[in-house]
Amino acid sequence: MKSNFVKYIFVVFVIGIMGFAIYQLNKNEKKEEDVQQPVVEAEENEIIKEISLGVAEYDTINPILSKNKHIQEISKIIYDSLFEIDQEYKIKPNLIKDWAKTSEVTYLLKIKKDIKWSDGQSFTVDDVIYTIDVLKQIPSIYSYNVQYVIKTDKIDEETIQITIDHEIPFFEYNLIFPIISKEYYSGQDFSTTPKNDTTIGTGKYKIVENNNEVIKLIKNEHYREKELTLETINILKYATLGELYNSFKLGKVDILTTNNIGVQDNIGTIGYNIKEIAGREFDFLAINTQNAILSNKEVRQAIMCAINKENIVASLYKSKYVITNYPLDYGNWLKGEGTTYSYNPEQSKQILEQNGWEYKYNRWQKTVNYSTKSINLRLIVQASNPTRVTVAEMIKANLEEIGIKVSLVKAADGQYQSYLQNRNYDLIVTGVVESLSPNLDTFFGVNNLANYANEEIATIMNEVKNITKEELLKEKYARIKQIYNDEIPYIGLYNSYYAIASSWNLKGNIAANWYNIFIDINNWYKE
């Protein structure tokens, strides 16, 4: 009996210990849950799926009609184009699934079948034809893209044929204008209809509100890709650029683009990230390679080494402009590798001396076939462009430092254009607004600004018109740059400034270029 009682007490004791252990274990686990739970909630709360953009001097959200730079940028997330451009300015199909150049002047494009407008209607070949017709009829920044289109044919419900009036290398780069809905605008005056305030697109986001203060975008539920982190984008309207800058500074706008080299005077230097890249404007020195003196590539090489581009950019552009020599050096995927001559006045003199030039009687001279030639050059610049006048004066000073005589001509507008058109110069300071296309006809084609002819480059440029294989294109373009760096038909100076400023709490990869700042918007969010 006593033995059973002891056993009973022992069992109760063991059960008590086990119960206490289980209680303590549960209590500790509860404490861990209590500690961990707020962390999970905090992480979830930190991700904000709404951002604000800004636009100054708003005109219309319709990108075909708008002349506002900010609207054109924002339109990339509301509207789609037949082709799109990636971060390296490489073209890729967007609304189309396949395409082919079927002759020098005809292109066949097959559209994707699963594309929907933001109102749920299907995207069709008719929408493409309608958009091209509109662009040919009204003034638009995209009218240039279709100015050589003479015919559009609907082959079937998925296929369109576009015919142009002459062969244009890389014409597909022109097909990047926003496509608009034919049905949406049916029976409307395209330029004046109030439908332009809430126009529909096939892009990632759609317009749900447009008032005097803000345009509100939300995810387009009909968009073919569903992996979009941001749910809402507010486009705040400002009367002036100064107001937009101030709003960014105060944290009301999350991302800002600018080509203003003095923008930090407006937005400060802290509280944001900034990505600075080469812009579209490319200034360069065109050299008349048919000139008796300048036909010698060694003289061109010597001139290249004598120009202090770093000093020009520092003096005139706060070192913000990007020093570039080659037309595609702004970041195009076909820019190729390799550098050319850098500022080195002593090397300039050595190049001339090694090629038979002597510095005598305060000038460089050389005797060829019993005739003595001297290096005396005429540099043309447009008088009404004070910045380029200063650039020309600095180039003149650089060249005279190594003994090259330069006469500077500050030409009136009409005279300057005459010099350009007739190629009547030794050297001329000029520039272009660069295209997205890697077409180099401006620099190497017939009647180019350098009067430059190179048989190998001409052959390559004819070949690349019909090459679609990327590696082969890279190989061909690498050879063009190699020849360019050796022969120096032009001396590139710099590309303009372009910057993307974003608030510190905007997260994700801002893989931007001057064409599109929203290339990788899918994973953007705020903390």
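Computed from heavy atoms alone, side chains included, the values below leave out hydrogens, waters and symmetry copies.
Without hydrogens or angle criteria, Thr258 side chain to Ala499 main chain gives no donor-acceptor distance under 3.5 Å. Formation of a donor-acceptor pair under 3.5 Å by the Thr131 side chain with backbone atoms of Ile179 is not found in this model. Side-chain atoms of Ser143 never come within 3.5 Å of backbone atoms of Pro139 as a donor-acceptor pair (strictly under, hydrogens ignored). The backbone N or O of Val406 lies less than 3.5 Å from a partner atom in the side chain of Lys396, making a donor-acceptor pair. Side-chain atoms of Ser371 never come within 3.5 Å of backbone atoms of Val368 as a donor-acceptor pair (strictly under, hydrogens ignored). Remark: side-chain polar atoms of Gln87 are not paired, donor with acceptor, to backbone N or O of Asn513 under 3.5 angstrom. At least one donor-acceptor pair under 3.5 Å links the side chain of Gln72 to the backbone N or O of Ser66. In this structure a side-chain-to-backbone donor-acceptor pair under 3.5 Å is missing from Trp99 to Lys110. Between the side chain of Thr163 and the backbone N or O of Val105 there is no donor-acceptor pair closer than 3.5 Å. With hydrogens and angles disregarded, a donor-acceptor distance shorter than 3.5 Å links the side chain of Asn516 to the backbone of Phe518.
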_Worked check of side chain to side chain contact (heavy atoms under 4.5 Å, CB included) between Ile351 and Asn355_ = CA-CA 6 Å; Ile351 291 171; Asn355 286 275; 4.1 Å; yes
*Decide yes or no on salt bridge (charged side-chain N to carboxylate O under 4.0 Å, His left out) for Asp441 and Lys465, but give the supporting numbers first.*
CA-CA 11 Å; Asp441 273 356; Lys465 292 177 183 178; 6.0 Å; no
*asked:* Could you walk me through whether Asp80 and Lys112 satisfy the salt bridge (charged side-chain N to carboxylate O under 4.0 Å, His left out) test, starting with their C-alpha distance in whole Å, then the side-chain angles of each, then the deciding distance to 0.1 Å, before giving a yes or no?
replied: CA-CA 12 Å; Asp80 283 327; Lys112 294 177 180 176; over 6 Å; no
*Could you go step by step and tell me if Asn174 and Ile162 meet the side chain to side chain contact (heavy atoms under 4.5 Å, CB included) rule?*
CA-CA 12 Å; Asn174 287 34; Ile162 297 176; over 6 Å; no
*Does the pair Tyr173 and Asn439 meet the rule for a side chain to side chain contact (heavy atoms under 4.5 Å, CB included), with working shown?*
CA-CA 10 Å; Tyr173 276 81; Asn439 180 22; over 6 Å; no
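A heavy-atom distance below 4.5 Å is found between the side chains of Tyr452 and Ile457. A heavy-atom distance below 4.5 Å is not found between the side chains of Thr152 and Val128. Annotation: side chain of His70 is in contact with side chain of Leu244 (closest heavy-atom distance under 4.5 Å). Residues Asn266 and Asn260 form a side-chain contact, since some pair of their non-hydrogen atoms from C-beta on lies under 4.5 Å apart. Within the 4.5 Å cutoff, side-chain heavy atoms of Ile303 are placed close to those of Leu377. Leu256 places none of its side-chain heavy atoms less than 4.5 Å from the side chain of Lys249. Contact annotation: the side chain of Tyr238 approaches that of Val253 to within less than 4.5 Å [non-hydrogen atoms, C-beta and beyond]. Here the side chains of Arg378 and Ile380 are in contact, with some heavy-atom distance below 4.5 Å.
The pair Lys97-Glu158 meets the salt-bridge criterion, since a charged nitrogen lies less than 4.0 angstrom from a carboxylate oxygen. Salt bridge status for Asp86 with Lys92: present, with a side-chain N to carboxylate O gap under 4.0 Å. A salt bridge between Lys349 and Glu353 is absent, with no side-chain N of the basic residue lying under 4.0 Å from a carboxylate O of the acidic one. Look at Lys469 and Glu475 and you find no salt bridge, because none of the NZ, NE, NH1 or NH2 atoms lies under 4.0 Å from a carboxylate O. The pair Lys69-Glu73 meets the salt-bridge criterion, since a charged nitrogen lies less than 4.0 angstrom from a carboxylate oxygen. Using a 4.0 Å cut-off between a side-chain N of Lys or Arg and a carboxylate O of Asp or Glu, Asp283 and Lys309 do not qualify as a salt bridge.
Other residues, nucleotides and ligands contribute over 12 non-hydrogen atoms within 6.0 Å of the NZ atom of Lys136. The environment of Glu104 atom CD is sparse: at most 12 non-hydrogen atoms of other residues, nucleotides or ligands sit within 6.0 angstrom.
Closest approach of Cys305 to Tyr341, counting heavy atoms only: SG-CB, 3.4 Å. The shortest non-hydrogen separation linking Phe177 to Ile132 is CZ-CG1, 3.8 Å. Considering every non-hydrogen atom in both Asn288 and Leu294, the closest pair reads O-CB, 3.4 Å. Nearest heavy-atom pair across Asn68 and Ala56 is ND2-O, 2.6 Å. Contact detail for Ile267 and Ala501: the closest heavy-atom pair is CD1-CB, 4.4 Å. When all heavy atoms of Ile510 and Ile255 are compared, the closest pair comes out as CD1-CD1, 4.2 Å.
Aromatic ring centres of Phe171 and Tyr107: separated by under 6.0 Å.
Interatomic distance, CG of Asn94 versus CG of Leu82, reported as 8.0 Å (0.5 Å rounding). Taken from CH2 in Trp364 to CD1 in Ile293, the straight-line distance is 13.0 Å, to the nearest 0.5 Å. If you take OG on Ser437 and CG on Asn332, they are separated by 8.0 Å, rounding to the nearest 0.5 Å. Distance check: Lys476 NZ to Thr459 OG1 gives 9.0 Å after rounding to the nearest 0.5 Å. Separation of atoms CG (Leu135) and CD1 (Ile141) is listed at 10.0 Å; rounding is to 0.5 Å. One finds the CG atom of Leu408 at 9.5 Å from the CD atom of Glu400 (value rounded to the nearest 0.5 Å).
Considering Tyr484, Tyr490, Tyr494 in turn, Tyr484 is the only one that fulfils the side chain to side chain contact (heavy atoms under 4.5 Å, CB included) rule with Asn325. The ring-ring contact (aromatic ring centres under 6.0 Å, His included) test with Tyr272 is passed by exactly one of Tyr245, Trp504, Phe248: Phe248.
Note: Tyr317 and Tyr321 have parallel aromatic rings, judged against thresholds of 30 and 60 degrees for the angle between ring planes.
Sorted by first and then second residue, the pairs that involve residues 292-304 and meet salt bridge (Lys or Arg N to Asp or Glu O under 4.0 Å), not counting sequence neighbours, are Lys297-Asp486. Sorted by first then second residue, the salt bridge (Lys or Arg N to Asp or Glu O under 4.0 Å) pairs that include residues 404-418, not counting sequence neighbours, are Glu393-Lys410.
At least one cation-pi condition fails for Lys335 and Tyr89: the charged atom is not both under 6.0 angstrom from the six-membered ring centre and inside a 45 degree cone around its axis.
Using modelled atom types and a 3.5 Å distance limit, the side chains of Asn291 and Asp426 yield a donor-acceptor pair. Residues Thr367 and Thr372 have side chains that bring a donor and an acceptor to within less than 3.5 angstrom of each other. For the residue pair Asn495/Glu434, the side-chain donor-acceptor check at 3.5 Å is satisfied. Side-chain contact check for Lys204 and Asn522: at least one donor-acceptor pair (N or O, by modelled atom type) lies under 3.5 Å.
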